[in-house]
Participant: 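Below: one structure in structure tokens.
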Amino acid sequence: RFRQNASSKNLPPMVPYSVPFVGSAVQFGLNPIEFLENAYEKYGPVFSMKMMGSVFTYVVGSDASALFFNSKNEDLNAEEIYGKLVTPVFGKGVAYDVPNSIFLEQKKMFKTGLNVSDFKRHVPLLIAETVKYFERWGDEGERNLFEAMAELIVLTASRCLQGEEIREVLNEEVAQLYSDLDGGFSHEAWLLPAWLPLPSFRRRDAAQKRIKEIFFNAIQKRRTSGRHAEDILQTLIEATYKDGRHLTDDEISGMLIGLLMAGQHTSSTTGSWLGFFLAKDQALQAALVDEQKHICGEPYREVTFEAIRDMSLLDRCVKETLRLRPPIMTMMRMVKTEQEVKGYVIPPGHQICVSPPVNQRVKDTWESPNTFDPDRYLNPDTTSDTKFSYVPFGAGRHRCIGEQFAYVQIKTIWAVLLQKYEFDLVDGYFPETNFATMIHTPKNPIIRYKLRQN
Ligand code: HEM
């Protein structure tokens with residue numbers, strides 16, 4: 001008989017702020033992870049903060065995050081948050097521009113094109129692209145690792161995920177178009193109205209249009225050639241929705257752009273951070289080379305998918321890199337229906353968030369949380385297997401479909417690099433984190449290298 005109104009309910013504690021509207025944006029922007037860790041310590045696993053007029057409610061740790069990952073899209077909605085950023089880049093008809101049930105079907109189609117037999121085909125392609133790319137590094141020197149990873153991953157992802165016709169047209173023009181499209185993933189695109197005539201918005205939209213034309217041609221080439229290739233392009237051409245409808249060329253090209261973009265920064269930052277963790281630790285590099293020799297035999301040039309899969313130390317190094325430097329620092333949903341968690345009520349209109357780097361370093365779950373220790377996964381007692389305390393790829397209905405491909409890609413690139421070079425930090429500098437970009441990249445990412453002697 002008695003209905004409380006939202007204001008009298010137990011809302012999560014609000015991190016105090018002094019500037020109206022702007023809220024905590026400035027403090028948060030300086031170091032979001034530290035900000036969230038402090039708030040967690042002070043307020044516990046559920047708290048809200050204000051930024052640019054919106055309320056963001058974080059659920060921290062495995063227990064509280066369960067609400068987020070187990071939710072239905074009608075209750076906690078993704079497209080309302082991500083659509084504005086993603087749709088102008090991928091184009092219409094895919095991902096967050098369609099009802100989630102359709103996007104789930106599209107994700108299923110991708111999955112069919114990303115299985116073990118595909119990875120077996122990918123490994124030699126990845127090796128060839130990596131060997132060729134790093135010829136330009138010569139025998140020794142100091143170079144920007146992040147730049148190299150970003151360029152290499154466009155090439156490898158395009159070759160493996162988009163098919164030959166598209167990799168063939170990946171020239172400087174297309175690389176520039178990707179970079180313009182990528183400029184669409186910015187804080188300004190996130191925060192400012194879409195109709196503003198900003199140069200970066202215009203470049204993004206022009207690139208979207210031009211890339212679609214190029215992709216249409218490539219798809220047409222495949223359709224008319226009658227060639228049957230074993231790749232994702234073929235999978236998408238043949239795929240049907242549950243109602244029997246085939247994908248249009250527009251949807252296929254949107255999905256191909258999406259595949260490339262989803263894996264681009266995520267994999268290139270992970271590949272770079274991994275490089276710096278390895279450069280810091282010569283003994284770990286030596287152990288990884290030993291592992292490779294042991295698995296591949298000597299001489300150990302021949303690296304296959306099976307060999308990559310069996311490199312378990314390398315695997316744990318990637319896993320630990322993704323714990324300490326997960327590229328996606330916050331996942332978000334719009335709250336559509338009232339939610340209850342840990343005694344608090346989260347009302348519609350809040351944006352609910354989970355932060356992988358925070359969950360993955362919660363002190364009461366992780367031992368020595370700030371130490372890079374790939375061997376922590378050997379001993380299940382010292383790590384938490386609580387379900388949502390390790391979520392670099394998310395969980396639930398929005399979970400990543402690219403995890404296995406990303407592992408194969410990053411591991412293969414580093415297996416090749418470790419065969420060729422020994423790495424070192426430049427004068428002991430381990431890169432700080434650049435929090436200004438949406439994905440937290442390494443600052444001044446220069447690495448030192450010389451040909452491996454043994
Ligand atoms: C979703 C991380 C690579 C395609 C996600 C999510 C995360 C993530 C955290 C969940 C987002 C959310 O719940 O809001 C990563 C990381 C990667 C990576 C850390 C590499 C190290 C890739 C690659 C692809 C890909 C290579 C494509 C081949 C996708 C797709 C989704 C997704 C399609 C689904 C989004 C949704 O359903 O809303 N990824 N990803 N990702 N990722 Fe990845």
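In listed order, ligands and their atoms are each counted from 1. Given the structure is predicted, the values throughout are model-derived calculations rather than measurements.
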Participant: Closest non-hydrogen protein atom to atom 10 (C) of ligand 1, residue and atom name please, with distance?
Facilitator: H398 O, 3.4 Å
Participant: Ignoring hydrogens and geometry beyond distance, is a side-chain donor-acceptor pair present between E320 and Y377 at under 3.5 Å?
Facilitator: yes
Participant: Show which atoms of ligand 1 fall inside a sub-4.0 Å distance from at least one heavy-atom site of Y82.
Facilitator: 12 (C), 14 (O)
Participant: Could you check, using the six-membered ring where one of them is a Trp, whether F423 and W414 have ring centers closer than 6.0 angstrom?
Facilitator: yes
Participant: What protein heavy atom sits nearest atom 35 (C) of ligand 1, and how far away is it?
Facilitator: Y96 OH, 3.3 Å
Participant: Which residue and non-hydrogen atom of the protein lie closest to atom 37 (O) of ligand 1, and at what distance in Å?
Facilitator: K107 NZ, 2.7 Å
Participant: Listing by chain and number, what protein N/O/S atoms are under 2.8 Å from atom 43 (Fe) of ligand 1?
Facilitator: C400 SG
Participant: Could you check atom 2 (C) of ligand 1 against the protein and tell me its nearest heavy-atom contact, residue, atom and distance included?
Facilitator: P392 O, 3.4 Å
Participant: Which of the numbered atoms in ligand 1 are under 4.0 angstrom from any heavy atom belonging to P327?
Facilitator: 19 (C)
Participant: With no hydrogens and no angle check, do the side chains of T266 and Q264 hold a donor and an acceptor under 3.5 Å apart?
Facilitator: no
Participant: Would you kindly specify which portion of Q409 sits under 4.0 Å from ligand 1, judged on non-hydrogen atoms: side chain, backbone, both or neither?
Facilitator: neither
Participant: Both conditions, 6.0 Å and 45 degrees, for the charged tip of R245 above the ring of Y241: are they met here?
Facilitator: no
Participant: Should the pair R136 and Y133 be classed as cation-pi, given the thresholds of under 6.0 Å to the six-membered ring centre and 45° from the axis?
Facilitator: yes
Participant: For atom 28 (C) of ligand 1, find the nearest protein heavy atom and state the residue, atom name and distance (0.1 Å precision).
Facilitator: L259 CD2, 3.4 Å
Participant: Please say whether the positively charged group of R323, taken as NZ for Lys or CZ for Arg, lies over the ring of W366, i.e. under 6.0 angstrom from the six-membered ring centre and within 45 degrees of the axis.
Facilitator: yes
Participant: Looking at atom 13 (O) of ligand 1, what's its closest protein heavy atom, distance included?
Facilitator: R333 NH2, 2.7 Å
Participant: Got a second to check how far N77's CG is from T337's OG1, nearest 0.5 Å?
Facilitator: 10.5 Å
Participant: Any atoms of ligand 1 less than 4.0 Å from a non-hydrogen atom of T270? List them with their elements.
Facilitator: 21 (C)
Participant: Examine F405 together with H122 and report whether their ring centres are nearer than 6.0 Å.
Facilitator: yes
Participant: For Y344 together with F47, are the ring centres under 6.0 Å from each other?
Facilitator: no
Participant: Do we see a donor-acceptor contact under 3.5 Å between the side chains of Q234 and E230?
Facilitator: no
Participant: With ring centroids as reference points, do F103 and Y96 lie under 6.0 angstrom apart?
Facilitator: yes
